[in-house]
Structures are given as C-alpha cells and as structure tokens.
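Just below is one structure, and these are the notes that go with it.
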Amino acid sequence: MRRFPRRTALAAGTLVLAVLATVGVRFTADASTAAAPAAFSHPGVLVSRAQLDFVKGRVAAGAQPWLAAYDQMRASRYASLTRTPKPRATVECGSYSNPNNGCTDEREDAIAAYTDALTWYITGDAAYAKKSIELMDAWSATIRNHTNSNAPLQTAWAGSVWPRAAEIIKHAYGTWPNQARFATMLRDVYLPVVIPGIHSNGNWELSMMEAATGISVFLDDRSSYDRAIARFKLRAASYIYIAADGAQPKYPPAGGIDTRAELISYWQGQARSSTGCPRRPAATSPTPATASPPSRTSPRPPASRVATSTPNCRTGCGTRSGSTRN
C-alpha cells in the first residue's frame, strides 16, 4: 500500500502534535494501568476536550507553534469545504496499491472528516462540522467491506481516523442525525477486521489495535477495548526491543516462532538489537510516514520501551533485508 506523500503531511496531525507537546502527554502508560476506566471520557480519541480547548485558546491568542499548525491545517486540501466524498461499497486494496479501488479515497475522506472536525472546534464555524458529517454520512451509507491482500491494513488506517472525527462531532457539536448508522459502520465493517489482529505483521497489527481502541472508545465498548489493549501489549513487547528483554527480542505472540534461529530468520537475519529499535519482518507494509501518535485512549508502550534518545537502529538492530510490501 502506498505511503502518504511527505509534502501532503496530515495537517490535523501537526495540530495534534502541538497539543501533545504542550500539555505534556507522554508515552508513560505502564502495562498495569492500560485497562479501560470505569467510563470513557468523551471526546477522547487522540485528544481530550481539555486539550482541544487549550489549543483553541492558543490559536486565538496567536501563539506559536499552535497558530502555524492551525494555519497549515486550514490551508490543506483536507479542510476544503468543496470536497466531495467518494464512498464505495467495496474498497479493494492490493499490494503496492494495485489495485487501488477506493483505498486513497477512503483514507483521504477520513482525514478530511477529522480535519473539518478540528477546524470547527477551533473556529466555531458550523460549515466545517457539517462537512465532517457529510463525509462520515456518505461512507456509513455505502461501505460494506474491504477486500484483497491489504484489506486489514487499509481497514486499520481508515478505522483509526474515523473515530477521531466522530468523537468531536458527537460529543462536542452534537447535531448528527445519522450518528447511529456511523456507529453501526464502525461496529460491523471495521471492528471485526481489526480486533483479531494479524499473526505475521507487527506494524499491521499495531495499526489494527490503534483502530480497535479508538472504535471501542467511540462505541463505549469496554470488552473490545480491553481485548485490543491486551493484544497491543503482547505485540509491542516483541516489536520494540529493550535491554531488559535479555540477549534477544521477545518472541512474537503468534506464528509458532520459539527458537533463536527462527527469531533471527523472522527478523530478516537481524542478530543484534538496540534498545528502542522497532523491528519489522519482510512481508509487511509500512505505516504512513505521516501517521499521528497513538490516541489518548489508545494503547501506549510502557515508558521503559520508549527510547530516551534516538538509537542508531540501522546499525544497532542489524541490516534489514528483503522487500517491504507497500
């Protein structure tokens, strides 16, 4: 599946980064504290109401870097009020985006819906909330499934963004007659695909769990949330190496790999590891270069699994061989 071009980086994600950098949200959730709370706070997928309010105030005050991030978002194609949704009943996504039957359209419409929701929250201009609703309604009335080899990853990519928009519109804007239909779409089309995870691909599975947690929060589905968190913790522990793991990374949670030789082969011949290095088998599709950070209510790696400085993963983790499916 094709990466998003760097020059069209998600402006909404830039704005969110400004939020997170300010309020000090860090990847510090310990594995023992990741279970769902007694009740979810809404809006709560990626950003909270308090974070949204903070950034709204900073933008109104003309403060940086929030104003620059906001201006970038408003100038992006995702914030266009003339955008026409392009829903499909079946989104077919093959390797290397071949075929690409609705794959880009779905991802871009989801990004636009979230961008519009953020723009409405900051400006108060209802036209953006209505555009976000138009995009979500078009897809919830149409899509039925994803097909071909990259279907799980496509479902994860779009499924991680739709709930971000929906949370803001449902819990802050409020006027959304078809919100129940949208919830049904997430529950019936997206969640069943992402919640089981995938045995072979670590980056696919982590993307799938991000989508599953966001969807679960929107649906107030504690059972699915806890299931996704549990799967995330297993995969993250084997995907990012830390010295405390011992002489080698943890074995993947599935796939029957249980010897060192099999582990080295699985990681394309990588026999050395450095703390903080993500590891990826050959037959994977990279997540988008512009992917935003995990959601506030999505799983986060324990603090010990986040490198305090950027390691030299290219040399410290060994040389990656083989091709990536992108």
Side-chain angles (χ1 to χ4, degrees), residues 1 3-4 9-10 12-13 16-17 19-20 25-29 31 33-36 40-48 51 93 103 106-107 110-111 113-114 117 146 150-168 185-187 189-240 253 278-280 284-302 305-306:
M1 183 164 294
R3 290 174 181 261
F4 292 116
L10 175 55
V16 167
L17 287 174
V19 179
L20 299 181
V25 174
R26 299 175 59 194
F27 298 120
T28 56
T33 64
F40 293 112
S41 297
H42 299 288
V45 177
L46 190 59
V47 289
S48 68
Q51 291 171 326
C93 306
C103 315
E106 181 187 27
R107 295 196 307 266
I111 293 169
Y114 180 46
H146 299 82
N150 273 19
L153 186 58
Q154 174 70 24
T155 307
W157 280 353
S160 65
V161 180
W162 286 126
R164 302 175 193 173
E167 277 278 293
I168 294 173
M185 177 193 77
L186 293 180
R187 183 181 297 108
V189 178
Y190 291 86
L191 188 59
V193 175
V194 297
I195 195 68
I198 190 167
H199 290 174
S200 58
N201 299 329
N203 60 339
W204 282 34
E205 184 160 82
L206 291 173
S207 293
M208 292 164 78
M209 292 309 106
E210 181 186 8
T213 53
I215 291 169
S216 298
V217 170
F218 180 75
L219 297 177
D220 284 303
D221 183 348
R222 283 196 60 182
S223 176
S224 293
Y225 178 93
D226 288 341
R227 181 180 173 185
I229 290 290
R231 189 68 182 181
F232 175 89
K233 289 190 290 184
L234 286 173
R235 178 59 78 172
S238 66
Y239 194 67
I240 300 177
R279 304 172 68 85
R280 180 166 62 210
T284 65
S285 289
T287 49
T290 57
S292 51
S295 79
R296 180 174 177 270
T297 47
S298 293
R300 306 186 187 113
R305 290 198 179 273
V306 178

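Predicted, not measured: the structure shown is a model, and the values here were computed from it. These values consider heavy atoms only, across backbone and side chains, with no hydrogens, waters or symmetry-generated copies.
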- request: Could you note down all residue pairs passing salt bridge (charged side-chain N to carboxylate O under 4.0 Å, His left out) where residues 194-207 supplies at least one of them, sequence neighbours left out?
  value: Glu205-Arg231, Glu205-Arg235
Atom of [X], atom of [Y] and distance for their closest heavy-atom approach:
{"X": "Ile195", "Y": "Arg227", "result": "CG1-CD, 3.7 Å"}
{"X": "Ala228", "Y": "Thr213", "result": "CB-CG2, 3.7 Å"}
{"X": "Ser238", "Y": "Pro253", "result": "OG-CD, 3.5 Å"}

message: Before we go on, tell me: are the rings of His146 and Tyr190 under 6.0 Å apart, centre to centre?
response: yes
[atom2] on [Y] to [atom1] on [X], rounded to 0.5 Å:
{"X": "Thr155", "Y": "Asn150", "atom1": "OG1", "atom2": "CG", "result": "10.0 Å"}
{"X": "Ile229", "Y": "Ser224", "atom1": "CD1", "atom2": "OG", "result": "12.0 Å"}
{"X": "Ile168", "Y": "Tyr114", "atom1": "CD1", "atom2": "OH", "result": "5.0 Å"}
{"X": "Leu153", "Y": "Ile198", "atom1": "CG", "atom2": "CD1", "result": "8.5 Å"}
{"X": "His42", "Y": "Phe218", "atom1": "NE2", "atom2": "CZ", "result": "8.5 Å"}
{"X": "Leu219", "Y": "Tyr225", "atom1": "CG", "atom2": "OH", "result": "14.0 Å"}

Are any of the side-chain heavy atoms of [X] and [Y] separated by less than 4.5 Å?
{"X": "Val217", "Y": "Pro163", "value": "no"}
{"X": "Phe40", "Y": "Arg222", "value": "yes"}
{"X": "Arg187", "Y": "Ile215", "value": "no"}
{"X": "Ser160", "Y": "Ser207", "value": "no"}
{"X": "Leu186", "Y": "Leu191", "value": "no"}
{"X": "Met208", "Y": "Phe232", "value": "no"}

message: Check whether Ser48 reaches the backbone of Gln51 with its side chain - one donor and one acceptor, N or O, closer than 3.5 Å.
response: yes
message: Determine whether Glu167 and Trp162 satisfy the following criterion, side-chain contact (heavy atoms from CB on, under 4.5 Å), listing intermediate values before the conclusion.
response: CA-CA 9 Å; Glu167 277 278 293; Trp162 286 126; over 6 Å; no
